[in-house]
Amino acid sequence: MQLAVTSALPSVKFSDTTYVGRSGEQLIVNIEVGGNPVPDVKQIEWYLNNVRLYQGAQNVRFSDNYLTLYRSKMTSKEAGQVKVAVETSAGRVEETADVVVISQNDIQERRSSENQLVGKSVVLSVEFHMMPLPVEQNVQWTRSNDVLTDTDPRIEFYKSGKELLIKDAQLSDAGPYKITVNTPGGGSVNKDLLVSIKTQAEALSFSTKPN
């Protein structure tokens, strides 16, 4: 007795939910597909912002049986969404992922570090907009040109260097801070931040001032 072969809907899964590329450089997107029957390359369709991408078209290349997309010379206009559609005799499925294109390496402050209280913890937090993302060894924090290290018991670093924690903040901790990231090729990107510290009395006086 021969068993019947049951068809299963195809499946497609992106390796990430968001892909970040830099203007003028190459974007690489990977997927995994499955199903019964297993889809072949003719059943996989790629789209960028709803425009179909074809092998051999300008700036488009596929490899690994259409499981990897290489889109070279990305521009900010191509930020948006990449979509993959897979269709077999069992049916059709579509999945999408976001595409972010940054024009240059950049560091952005995530929260203000002004008007902090003496004795409290102060967190300086930034976001890296660069590819590849830096490792902690390539990130340096300074205060008034003095390099900060975690050998100081009041200093800690988190999230691959994106956050600097100052415990038990003192008035002497106020002033200009800078984060510098060394990028591949010998370049660097930096961001200046300002920390201001108030005593409890100053904070109370400020909050009780009439409008």
Least distance between heavy atoms, Glu109 atom then Lys191 atom: N-CE, 4.1 Å
Answer yes or no: are there more than 12 heavy-atom neighbours, outside Lys159 itself, under 6.0 Å from its atom NZ? no
Answer yes or no: is there an ion pair linking Arg71 with Glu78, defined by an N-O contact shorter than 4.0 Å? yes
Give, for atom CG of Asp106 and atom CZ of Phe128, the distance between the pair rounded to the nearest 0.5 Å. 11.0 Å
Between Glu156 and Lys167, does any NZ, NE, NH1 or NH2 come within less than 4.0 Å of an OD or OE carboxylate oxygen? yes
Would you find a donor on one side and an acceptor on the other, under 3.5 Å apart, between the side chain of Trp46 and the backbone of Tyr66? yes
Under 4.0 Å between a side-chain nitrogen and a carboxylate oxygen: does that hold for Asp173 and Arg143? yes
Polar side chain donor-acceptor pair, Glu136 to Asn138, under 3.5 angstrom: no
Rounded to the nearest 0.5 Å, how far apart are OG1 of Thr96 and CG of Asn50? 10.0 Å
Regarding Lys162 and Glu127, does a basic nitrogen lie under 4.0 Å from an acidic carboxylate oxygen? yes
For Leu124, is there any backbone N or O sitting under 3.5 Å from a side-chain donor or acceptor partner on Tyr177? no
If Ile, Leu, Val, Met, Phe, Trp and Tyr residues are connected whenever their side-chain heavy atoms lie under 4.5 Å apart, and connections chain through other members, are Leu148 and Leu171 in the same group? yes
Do Asp98 and Thr17 have side-chain heavy atoms sitting under 4.5 Å apart? no
Worked check of side-chain contact (heavy atoms from CB on, under 4.5 Å) between Gln200 and Leu117: CA-CA 7 Å; Gln200 294 283 356; Leu117 289 177; 4.0 Å; yes
For Pro39 and Gly34, work out which heavy atoms get closest and say how close. CD-O, 3.5 Å
Heavy-atom closest pair (Pro176 atom, Leu194 atom, distance to 0.1 Å) is N-CD1, 4.1 Å
Please determine if Lys13 and Glu32 form a salt bridge, counting it only when a charged side-chain N lies under 4.0 Å from a carboxylate O. no
Checking Val33 against Ile31 for the side-chain contact (heavy atoms from CB on, under 4.5 Å) test, could you report, in this order, the C-alpha distance in whole Å, the side-chain angles of both residues, the deciding distance, and whether it holds? CA-CA 7 Å; Val33 298; Ile31 61 169; 3.9 Å; yes
Verify same cluster id: Val41, Val29 (apolar side-chain graph, 4.5 Å): yes
Side-chain donor/acceptor of Asp150 to backbone N/O of Pro153, under 3.5 Å: no
Can you find a heavy atom in the side chain of Lys83 that is under 4.5 Å from one in the side chain of Arg52? no
Is any side-chain heavy atom of Thr149 closer than 4.5 Å to a side-chain heavy atom of Val147? yes
Any Tyr19 side-chain heavy atom under 4.5 Å of Val100 side chain: no
Check: Phe62 main-chain N/O paired with Gln55 side-chain donor or acceptor under 3.5 Å: yes
So, taking the atom named CD in Gln140 and the one named OG1 in Thr180, what distance separates them when rounded to the nearest 0.5 Å? 6.0 Å
Looking only at atom types and distance, does a side-chain atom of Thr142 sit under 3.5 Å from a main-chain N or O of Asp146, one as donor and one as acceptor? no
Non-hydrogen atoms of Val122 and Ser113 that approach each other most closely: CG1-CB, 4.4 Å
Path from Leu165 to Val118 over hydrophobic side-chain contacts below 4.5 Å: no
Leu133 reachable from Val181 in the ILVMFWY side-chain graph, under 4.5 Å edges: yes
Yes or no on side-chain contact (heavy atoms from CB on, under 4.5 Å) for Ile28 and Leu69, after CA distance, side-chain angles and deciding distance? CA-CA 6 Å; Ile28 302 176; Leu69 162 69; over 6 Å; no
Quick one: CG on Asn190 to CH2 on Trp141, what's the gap to the nearest 0.5 Å? 11.5 Å
Under 3.5 Å, side chain of Ser196 to main-chain N/O of Asn115, donor-acceptor pair present? yes
Asp192 atom CG, over 12 foreign heavy atoms within 6.0 Å: yes
Rounded to the nearest 0.5 angstrom, the CG-CG distance for Asn30 and Asp64 is 7.5 Å
Considering non-hydrogen atoms only, spot the tightest contact between Leu193 and Ile179 and give its length. CD1-CG2, 4.1 Å
With a 4.5 Å heavy-atom cut-off, do Phe14 and Val84 have their side chains touching? yes
Count I, L, V, M, F, W, Y as connected when their side-chain heavy atoms are under 4.5 Å apart, and connections chain through other members. Are Tyr47 and Val101 then in the same cluster? no
Tell me, with the steps shown, if Ser160 and Val139 meet side-chain contact (heavy atoms from CB on, under 4.5 Å). CA-CA 8 Å; Ser160 300; Val139 179; over 6 Å; no
Phe157 versus Leu164, closest heavy-atom pair with distance: CE2-CD1, 3.6 Å
Stepwise, does the side-chain hydrogen bond (donor to acceptor under 3.5 Å, both in side chains) test hold for Asn182 with Ser188? CA-CA 4 Å; Asn182 296 318; Ser188 65; 4.9 Å; no
What is the distance from atom CD of Gln58 to atom OG of Ser72, rounded to the nearest 0.5 Å? 8.0 Å
